[in-house]
Peer 1: 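Below you'll find the structure I mean.
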Amino acid sequence: MRSTVFKTRLSLKIMIAVLGVLGCLVPQVALATTQFSEILYLDGQKYSLDSLPLESYYGPGNPRPKFRAPNTATWRGYIATWEIDGGMLYLKAIRAWTGQGQVGLPALFPGRKGPVPATWFTGRLKIPEGPVIKPAVPHPIYGKYRLITVEQGRLVHQEVIDNPGGTQLPGP
């Protein structure tokens with residue numbers, strides 16, 4: 001009887017160990033959730049945005065708030081809405097989640113109710129276009145991308161590129 005209990009426990013421990021090792025071998029991407037995209041309005045049209053311009057706002061003099069993920073599709077804890085108007089990038093609105101609940105633009109920029117010029121942002125905005133070539137996490141890979149280069153909030157260049165073969169473009 002003791003021998004059977006011992007063998008059963010040993011077999012159970014071995015199975016748990018094997019499952020643990022196999023779990024480490026599974027790519028983390030397979031366990032991830034596609035993230036909600038930011039939103040960008042450009043020339044009156046609504047686009048999904050694969051870039052996170054708000055992240056460059058935070059730094060040593062401006063710490064990032066303690067956002068909470070409301071679900072597994074929003075790990076960053078917020079969804080921002082952007083607009084390019086008159087050649088300038090604006091943060092138009094934000095839905096963010098904190099320990100106190102959902103907050104909006106005034107919580108990040110006290111006293112501001114309207115669009116905030118994104119003068120802190122210099123970089124490239126990436127807008128997916130065309131068909132999905134490859135479903136991937138955190139964002140699917142598309143057949144084309146509109147790339148918008150921004151310097152201190154001002155649009156300086158815009159181009160559409162093909163993404164043959166569905167390879168991931170470098171950086172957001």
Peer 1: Return the CG to CZ distance between D50 and R146, rounded to the nearest 0.5 Å.
Peer 2: 14.0 Å
Peer 1: Which residues pass the side chain to side chain contact (heavy atoms under 4.5 Å, CB included) test with E159, sequence neighbours left out?
Peer 2: L147, H157, I161
Peer 1: Which donor-acceptor pairs under 3.5 Å do side chains of residues 63-71 form with protein atoms, sequence neighbours excluded?
Peer 2:
| unit_1 | atom_1 | unit_2 | atom_2 | d |
| --- | --- | --- | --- | --- |
| R64 | NE | E55 | OE1 | 3.1 |
| R64 | NE | E55 | OE2 | 3.4 |
| R64 | NH2 | E55 | OE2 | 3.0 |
| R64 | NH2 | R76 | O | 3.0 |
| N71 | OD1 | A73 | N | 2.9 |
| N71 | OD1 | T74 | N | 3.1 |
| N71 | OD1 | T74 | OG1 | 3.0 |

Peer 1: Just verifying a value: how many Å separate T81 OG1 and L91 CG, rounded to the nearest 0.5 Å?
Peer 2: 8.0 Å
Peer 1: Using the test salt bridge (charged side-chain N to carboxylate O under 4.0 Å, His left out), find all partners of R154 that sit at least two apart in sequence or belong to another chain.
Peer 2: none
Peer 1: Answer with yes or no whether the hydrophobic clustering places V103 together with Y58; edges join I, L, V, M, F, W, Y residues whose side-chain heavy atoms lie under 4.5 Å apart.
Peer 2: no
Peer 1: Please evaluate residues I127 and Y145 with respect to the criterion side chain to side chain contact (heavy atoms under 4.5 Å, CB included), reporting the C-alpha separation (whole Å), side-chain torsions for both, the decisive distance (0.1 Å), and the verdict.
Peer 2: CA-CA 5 Å; I127 300 170; Y145 288 90; over 6 Å; no
Peer 1: Residues in salt bridge (charged side-chain N to carboxylate O under 4.0 Å, His left out) with E151, at least two apart?
Peer 2: none
Peer 1: With rounding to the nearest 0.5 Å, note down the distance linking NZ in K126 to OG in S37.
Peer 2: 10.0 Å
Peer 1: Over all heavy atoms of both residues, which pair between K144 and D162 is shortest? Give the atoms and the distance, please.
Peer 2: CE-OD1, 3.1 Å
Peer 1: What pairs with N62 under side-chain hydrogen bond (donor to acceptor under 3.5 Å, both in side chains), at least two apart in sequence or on another chain?
Peer 2: Y57
Peer 1: How far does OH of Y41 sit from NZ of K46, to the nearest 0.5 angstrom?
Peer 2: 4.5 Å
Peer 1: List the residues meeting side chain to side chain contact (heavy atoms under 4.5 Å, CB included) with L155, not counting sequence neighbours, and say none if there are none.
Peer 2: I84, I148, Q158
Peer 1: Residues two or more places apart in sequence or in another chain: which of them pass side-chain hydrogen bond (donor to acceptor under 3.5 Å, both in side chains) with Q45?
Peer 2: Y47
Peer 1: Show your reasoning for whether side chain to side chain contact (heavy atoms under 4.5 Å, CB included) applies to F121 and L52.
Peer 2: CA-CA 10 Å; F121 182 72; L52 302 172; over 6 Å; no
Peer 1: Measure the CG-CG distance between L40 and L49 for me, rounded to the nearest 0.5 Å.
Peer 2: 5.5 Å
Peer 1: Mark yes or no for whether S51, through its side chain, and P53, through its backbone, hold a donor-acceptor pair below 3.5 Å.
Peer 2: no
Peer 1: Is it the case that one hydrophobic cluster holds both V160 and L125, taking links as side-chain heavy atoms less than 4.5 Å apart, direct or via other members?
Peer 2: no
Peer 1: Rounded to the nearest 0.5 Å, what's the gap from CG on L42 to CH2 on W82? Could you check?
Peer 2: 14.5 Å
Peer 1: Just do the side chain to side chain contact (heavy atoms under 4.5 Å, CB included) check on L108 and I94 with the steps written out, would you?
Peer 2: CA-CA 9 Å; L108 277 81; I94 187 167; 4.0 Å; yes
Peer 1: For a quick test of reading the model, state the closest non-hydrogen atom pair linking S56 to W120 and the distance between them.
Peer 2: OG-CD1, 3.4 Å
Peer 1: When Ile, Leu, Val, Met, Phe, Trp and Tyr are grouped by side-chain heavy atoms lying under 4.5 Å apart, directly or through other members, which residues fall in the same group as M88?
Peer 2: Y90
Peer 1: Given 3.5 Å as the limit, does a donor-acceptor pair link the side chain of Q35 with the main chain of W75, or not?
Peer 2: yes
Peer 1: Ignoring hydrogens, what is the shortest heavy-atom contact between Y142 and G130? Give both atom names and the distance.
Peer 2: CD2-O, 3.3 Å
Peer 1: Taking side chain as C-beta onward, heavy atoms only, is V156 less than 4.5 Å from V150?
Peer 2: no
Peer 1: Once side-chain hydrogen bond (donor to acceptor under 3.5 Å, both in side chains) is applied, do any residues pair with R112, and if so which ones, sequence neighbours excluded?
Peer 2: none
